[in-house]
2 protein chains.
Amino acid sequence: MATGRTHRPATRSRGIPEATVARLPLYLRALTALSERSVPTVSSEELATAAGVNSAKLRKDFSYLGSYGTRGVGYDVEYLVYQISRELGLTQDWPVAIVGIGNLGAALANYGGFASRGFRVAALIDADPAMAGTPVAGIAVQHTDDLDRIISDNGVSIGVITTPPGAAQQVCDRLVAAGVTSILNFAPTVLSVPEGVDVRKVDLSIELQILAFHEQRKAGEDAPAEGEDPEAPPMRATPASRKGPDGDMPAVMPA
Amino acid sequence: MATGRTHRPATRSRGIPEATVARLPLYLRALTALSERSVPTVSSEELATAAGVNSAKLRKDFSYLGSYGTRGVGYDVEYLVYQISRELGLTQDWPVAIVGIGNLGAALANYGGFASRGFRVAALIDADPAMAGTPVAGIAVQHTDDLDRIISDNGVSIGVITTPPGAAQQVCDRLVAAGVTSILNFAPTVLSVPEGVDVRKVDLSIELQILAFHEQRKAGEDAPAEGEDPEAPPMRATPASRKGPDGDMPAVMPA
DNA sequence: CCATCTTTGTGCACGCGTTCACAAAGACAT
DNA sequence: ATGTCTTTGTGAACGCGTGCACAAAGATGG
């Protein structure tokens with residue numbers, strides 16, 4: 001293996017840690033901003049600060065991609081933008097389908113960030129017949145009945161679910177059956193998918209609850225310990241009154 | 001998923017691991033569903049499956065809260081719902097303010113999940129004077145000029161930012177100055193906050209890019225072997241043409 | 001009261017991710 | 001060329017989170 005190049009392509013396609021992949025978009029964003037300001041190069045320190053991470057971590061992350069920096073100087077902004085874009089697969093077009101056109105679905109359809117990096121809203125799908133044909137963000141909403149065809153015709157491999165939780169799994173199954181292999185789920189439900197299908201979830205409720213936990217902690221720091229009686233309370237119901245059979249969630253969606 | 005807190009050792013005081021805290025809402029959701037079906041008890045195995053996690057992990061998570069299960073039987077659903085709710089601080093009321101009432105902000109305001117667990121939309125704030133007074137989800141939008149007063153008067157400690165990225169940091173600073181100590185950021189920007197303030201982020205663009213990475217990987221498995229010239233491309237300019245001055249982002253927001 | 005069966009709670013080992021700290025690489029001046 | 005200075009790339013240590021595997025606890029039945 002001496003033929004070598006300065007760096008080893010060994011770890012290339014295979015070994016990029018998941019944590020690193022999750023940070024690449026962050027670096028890319030910071031780099032794009034620098035690129036627009038025509039900044040030619042950046043040091044790991046500067047870029048790390050801009051991306052809100054540790055410089056050592058950034059260098060290690062980049063080391064998984066290869067040796068793209070110049071010691072004593074830093075990284076070439078344009079070059080790095082290209083390399084990361086390529087690594088993330090953003091140099092190609094990704095048609096995306098959004099299923100569930102309610103408040104959230106419509107908001108996402110109008111989201112400018114979609115089109116910015118190779119992502120293109122190829123179709124909007126909803127179960128409400130009344131919505132069929134209605135234009136949202138310039139795209140006519142199509143009915144769920146045609147889901148399979150829509151996915152196939154547009155070569156959609158990434159689906160976004162913004163339906164009420166009760167419909168999420170069913171929609172997910174249909175998307176997968178139609179060929180979708182990556183799903184971004186906004187419905188507060190645990191989706192089960194076959195091997196090979198990636199699911200990422202965005203859950204407002206969970207995020208708020210995590211914040212509440214820390215908030216309570218902060219508030220309680222000066223207050224007395226909790227020794228009082230952690231288990232005296234009602235052995236029975238939840239503090240808040242239950243509402244529908246779907247007490248937990250959602251309904252960003254309309255119909 | 002989303003999220004990223006500003007670095008910090010955290011979790012020092014009460015010892016509950018951050019990873020566990022992040023899963024508690026998931027357990028709570030599953031438990032609530034069981035509760036509504038009047039199921040009295042569940043085994044770690046069943047609950048774990050419902051929450052989409054490993055049973056050993058679930059048991060270990062619960063062990064941080066205390067020994068709330070009964071060997072040979074399982075966990076008392078109602079009791080556990082209460083314990084987790086209490087631990088997460090959901091037994092109290094959390095007034096939340098949403099800043100930036102565009103498509104996304106409005107969608108969140110209408111989000112049913114907000115009210116479900118102690119979270120209450122206390123105020124909607126926007127910088128557009130024309131929106132002041134306009135009711136969204138039954139709440140009149142207020143102008144940014146009154147932000148400080150609004151936060152103080154309502155005792156808001158959790159703020160949600162759904163503004164364009166350019167305004168996010170400024171809004172964040174004002175929220176923090178007004179007393180907010182937890183922020184949920186939907187704007188694609190790295191927010192810098194003082195010690196003691198928690199920030200969690202939800203970034204659609206990043207999630208999609210992560211999915212694209214894996215999608216590309218899957219597609220490339222059977223496709224052509226690469227390895228040839230990882231760096232043949234342009235050393236100078238970016239492959240894609242630059243677009244707007246905000247190439248990266250967002251704009252879910254209107255005005 | 002004893003035996004058996006179920007399920008929890010946890011000690012332990014492993015692997016990933018983070019961070020430190022530094023040698024090596026290159027730029028730049030003399 | 002040689003020396004100095006800057007910044008990368010990475011070896012190594014550390015800490016957190018995960019999952020295994022099992023002993024202990026309690027239920028249940030005879």
Novice: Can you list everything that forms a salt bridge (charged side-chain N to carboxylate O under 4.0 Å, His left out) with Glu46(A)? Sequence neighbours excluded, please.
Specialist: none
Novice: Give me the one residue out of Leu31(B), Leu34(B), Val42(B) that meets side-chain contact (heavy atoms from CB on, under 4.5 Å) with Leu80(B).
Specialist: Leu31(B)
Novice: Kindly calculate the angle separating the two end axes of the helix from dC1(C)-dG30(D) to dT30(C)-dA1(D), each obtained from five base pairs, and round it to 10 degrees.
Specialist: 10°
Novice: How does protein reach along nucleotides 13-18 of chain C, written 5' to 3' as B (base within reach of a heavy atom under 4.0 Å), S (only sugar-phosphate), or - (no contact)?
Specialist: ----SS
Novice: Could you tell me the separation between the CZ atom of Arg59(B) and the P atom of dT6(C), rounded to a whole number of Å?
Specialist: 15 Å
Novice: So does Asp93(B) pair up with Arg117(B), basic N to acidic O under 4.0 Å?
Specialist: no
Novice: Flag the pair Tyr68(B) / Tyr75(B) as yes when their ring centroid distance falls below 6.0 Å, and as no otherwise.
Specialist: no
Novice: Taking atom CD of Gln170(A) as the centre, report whether more than 12 heavy atoms of other residues, nucleotides or ligands fall under 6.0 Å from it.
Specialist: no
Novice: With no hydrogens and no angle check, do the side chains of Ser35(B) and Glu78(B) hold a donor and an acceptor under 3.5 Å apart?
Specialist: yes
Novice: Scan side-chain atoms only and decide if Thr32(A) and Glu36(A) contain a donor-acceptor pair under the 3.5 Å cut-off.
Specialist: no
Novice: With heavy-atom distances below 4.5 Å as the criterion, would you say the side chains of Asn185(B) and Val202(B) are in contact?
Specialist: no
Novice: What's the separation between atom CG in Leu184(B) and atom NZ in Lys201(B), rounded to the nearest 0.5 Å?
Specialist: 11.5 Å
Novice: Using whole Å, report how far OH of Tyr27(B) lies from P of dT8(C).
Specialist: 13 Å
Novice: Suppose we screen for salt bridge (charged side-chain N to carboxylate O under 4.0 Å, His left out). Which residues come up paired with Arg59(B), at least two apart in sequence or across chains?
Specialist: none
Novice: What is the separation between atom CG on Asp76(B) and atom C1' on dT7(C), rounded to the nearest whole Å?
Specialist: 15 Å
Novice: Asp203(A) pairs by salt bridge (charged side-chain N to carboxylate O under 4.0 Å, His left out) with which of Arg23(B), Arg29(B), Arg200(B)?
Specialist: Arg29(B)
Novice: Answer with base, sugar-phosphate or nothing: what part of the nucleic acid does Tyr75(A) contact at a heavy-atom distance below 4.0 Å?
Specialist: sugar-phosphate
Novice: Which nucleotide wins on minimum distance to the side chain of Asn54(A), given the candidates dT10(C), dT19(C), dG19(D)?
Specialist: dT19(C)
Novice: Of the residues in residues 41-48 of chain A, which ones touch DNA chain D at a heavy-atom distance under 4.0 Å?
Specialist: Ser43(A), Ser44(A)
Novice: Would you say the side chains of Tyr79(B) and Gln83(B) form a donor-acceptor pair under 3.5 Å?
Specialist: yes
Novice: Each nucleotide in nucleotides 24-30 of chain D should get exactly one letter: B, S or -. Can you fill that in based on protein heavy atoms under 4.0 Å?
Specialist: BB-S---
Novice: Give a yes or no on whether a salt bridge exists between Arg217(B) and Asp198(A), defined as a side-chain N under 4.0 angstrom from a carboxylate O.
Specialist: no
